[in-house]
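Reviewing the structure listed below.
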Amino acid sequence: MSDAVTYKYLLAANTVCARYFERVDFVEPHGNGHINDTFRVCGDRGECVLQRINPNVFKRPDWVMDNIVMVTDYLRARLDERGNAEEREALSLLRTLDGECYVTDADGAVWRLYPYIGGSRSYDVAPDALTVERAAACFGRFARLLADFPAQKLRVTIRDFHNTAARVKALEMAARQDVCDRLDGARRILDGYLDRAHLGEQFAAACGALRQRVVHNDTKLSNVLFDRATGEGLCVIDLDTVMTGYIACDFGDGIRSCAATDGEDAATAGLHPERYEAFTRGYLSALGGELTRDEFNALVPGALAMTYECGVRFLTDYLMGDVYFKTAYDRHNLARATNQLSLLCDMEARRREMEETARRLYFS
Ligand code: ADP
Ligand code: GN1
Ligand code: MG
């Protein structure tokens, strides 16, 4: 789906490769991320992943890279201390031939190179509850490994990233301006979102007094790599939004993405109770004793708020003319916003059930 955009950068990708490789065998578009342009590259340094950071989304790609250098180094050190860590359990950044952490191309865009995590795969939609539990365990472990990271060193790569109220304001503004004349076809969905602003407010209230931690902030299923052969969760990727924030944002976005009955492009979606339980179990057990009681109380509000917020963002982007998320067809962002609203309505109906399951797992 991102192919049109990604192919546009194929030539630039080849030029950038000359900074990293003595010999390049092939460069091809890879993955289904909504933001960056990702390529699989094979050359004298083996199989790698080359990414162009989306400059429309990240205004300071140098800050993104500062964070990634610190976080990948820190994760590797924590895994090394443990002794038996596999290379594939954390991302590591590859340097250019002259030792730089990233490359800036002729247009000012920033590129970076990671080793391709061998024998891995990602999913857009989970095949089963076990995969969901494994994804959750990877995200939980990620937060636990970073629990003592010096958070004040991290740059804010996207301001107000999970500030739901600010996202709603942006939606209201996009609706008022209606620059693409798309409002008429989106009014029903827009009302569905504007009627639910309280979900963001409830979540903000639940988080009010909580301490901020270092979190991933984009705990979508496709941001975990799994072992192709065993199905085990290997590694959390897509570290561009690692910043301080709330555990409940990571939990909530994980539920939104991993515990839905259908993928983000389906006409409808609901909450899959078995997958909800699997994610909650995997996440809580990987976090261990890290989670305080107040943080626990914010988890379910976080699931509703993150689903709400993501839908708000899709709809805002639809009204603004698809300037943020990559799209494959005209009404793609509207379809995504409709899908998230359908998931959200089901979560509202099952809220009591979600709370009971979470309590049972937390206190067991
Ligand atoms: P985006 O920010 O656009 O979502 P991601 O960093 O999530 O980009 O990468 C997009 C996809 O590329 C991932 O879902 C995964 O399938 C693949 N990918 C990214 N990095 C690696 C890696 N180091 N090894 C193997 N596959 C990767
Ligand atoms: C984007 O980059 P990707 O595809 O993993 C987005 C997330 C959204 C998600 C919805 C930096 O994630 O915030 O929740 O799409 N990432 C950014 O699918 O905006
Ligand atoms: Mg991604």
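The residues of the chain are indexed from 1 along the displayed sequence. Nothing here was measured: the structure is a model prediction, and the numbers come from that model. Both ligands and their constituent atoms are indexed starting at 1 by order of listing.
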Counting from 1, what ligand 2 atoms have a heavy atom of F314 closer than 4.0 Å?
10 (C), 18 (O)

Do any nitrogen or oxygen atoms of K220 come within less than 3.5 Å of a nitrogen or oxygen of ligand 2?
yes

Under 4.0 Å from a heavy atom of F325: which atoms of ligand 2 are those, numbered in the order shown and with their elements?
6 (C), 15 (O)

Closest to atom 20 (N) of ligand 1 among protein heavy atoms sits V49 CG1, 3.8 Å

Per-atom contacts of ligand 1 with H30, taking only distances under 4.0 Å to non-hydrogen atoms:
12 (O), 17 (C), 26 (N)

Between D253 and R256, is there a salt bridge with N-O shorter than 4.0 Å?
yes

Quick one: do K326 and D37 make a salt bridge, cutoff under 4.0 Å?
yes

Are the charged groups of R182 and D184 less than 4.0 angstrom apart, N to O?
no

Measure the distances from the heavy atoms of Q51 to every atom of ligand 1 and state whether one is below 4.0 angstrom.
yes

Test salt bridge (Lys or Arg N to Asp or Glu O under 4.0 Å) on D218 and K220; report intermediate values, then the result.
CA-CA 6 Å; D218 188 0; K220 145 174 182 180; 5.8 Å; no

N223 neighbourhood, listing ligand 2 atoms whose heavy-atom distance to it stays under 4.0 Å
5 (O)

Among all protein non-hydrogen atoms, which one is nearest to atom 3 (O) of ligand 1, and what is the separation to 0.1 Å?
N36 N, 2.9 Å

Within-shell test, R313 vs ligand 2, heavy atom, strictly < 4.0 Å:
yes

At what distance, to the nearest 0.5 angstrom, does CZ of F251 lie from OH of Y283?
8.5 Å

Would R196 and Y193 count as a cation-pi pair here, with the cationic atom under 6.0 angstrom from the ring centre and within 45° of the axis?
no

Mark the output for C48 as yes if a heavy-atom distance to ligand 1 is under 4.0 Å, and as no if none is.
no

In the protein, what heavy atom is nearest to atom 10 (C) of ligand 2, and what distance, to one decimal place, separates them?
E264 OE2, 3.3 Å

Counting backbone and side chain alike, does N36 bring an N/O/S atom below 2.8 Å of the Mg ion (ligand 3)?
no

Pull out every atom of ligand 1 sitting under 4.0 Å from any heavy atom of Y116, numbered as shown with elements.
24 (N), 25 (C), 26 (N)

Output yes when the distance from some N or O of ligand 1 to some N or O of S122 is under 3.5 Å, and no in every other case.
yes

Closest protein heavy atom (residue, atom, distance) for atom 1 (C) of ligand 2
I35 CG1, 3.8 Å

Minimum non-hydrogen distance to atom 6 (C) of ligand 2, winning option of D238, D218, T307:
D218

Quick one, L299 with T280, criterion side-chain contact (heavy atoms from CB on, under 4.5 Å). Give me CA distance, side-chain angles, the key distance, then yes/no.
CA-CA 9 Å; L299 295 184; T280 308; 5.6 Å; no

Given I237, L50, L113, which one has a non-hydrogen atom that is nearest to atom 19 (C) of ligand 1?
I237

Quick one: look up the protein heavy atom nearest atom 11 (C) of ligand 1 and list residue, atom name and how far away it is.
G31 CA, 3.9 Å

When you look at E81 and R78, which way does the salt bridge (Lys or Arg N to Asp or Glu O under 4.0 Å) test go after all the steps?
CA-CA 5 Å; E81 278 166 9; R78 297 291 77 73; 2.5 Å; yes

If the contact criterion is a heavy-atom separation under 4.0 Å, does M306 count as touching ligand 2?
no

Residue, atom name and distance, where the atom is the protein heavy atom closest to atom 14 (O) of ligand 2
R256 NH2, 3.5 Å

N/O/S from D238 sitting under 2.8 Å away from the Mg ion (ligand 3)
yes

Give the intermediate values and the outcome of salt bridge (Lys or Arg N to Asp or Glu O under 4.0 Å) for residues E89 and R141.
CA-CA 11 Å; E89 284 182 56; R141 193 179 60 138; 2.6 Å; yes

Within 4.0 Å of some non-hydrogen atom of L91, the atoms of ligand 1 are 23 (N)

Report yes or no: do F226 and I237 belong to one cluster of Ile/Leu/Val/Met/Phe/Trp/Tyr joined by side chain heavy-atom distances under 4.5 Å?
yes

Any idea how F149 and Y74 line up, ring-wise: parallel (<30°), tilted (30 to 60°), or perpendicular (>60°)?
perpendicular

Find out whether the Lys NZ or Arg CZ of R52 is both under 6.0 angstrom from the six-membered ring centre of Y9 and within 45° of the ring's axis.
yes

Is the charged tip of R336 near the ring of F314: under 6.0 Å from the six-membered ring centre and within 45° of its axis?
yes

For H34, counting its heavy atoms only, list the atoms of ligand 2 lying under 4.0 Å from any of them.
4 (O), 10 (C), 15 (O), 18 (O)

Co-membership, hydrophobic cluster, residues F325 and M173, 4.5 Å side-chain:
no

Please could you name the atoms of ligand 1 that S222 approaches to less than 4.0 Å, counting only its heavy atoms?
13 (C), 14 (O)

For ligand 1, which atoms have a heavy atom of N223 less than 4.0 angstrom away?
7 (O)

Test of proximity, Y324 against ligand 2: N or O pairs below 3.5 Å
yes

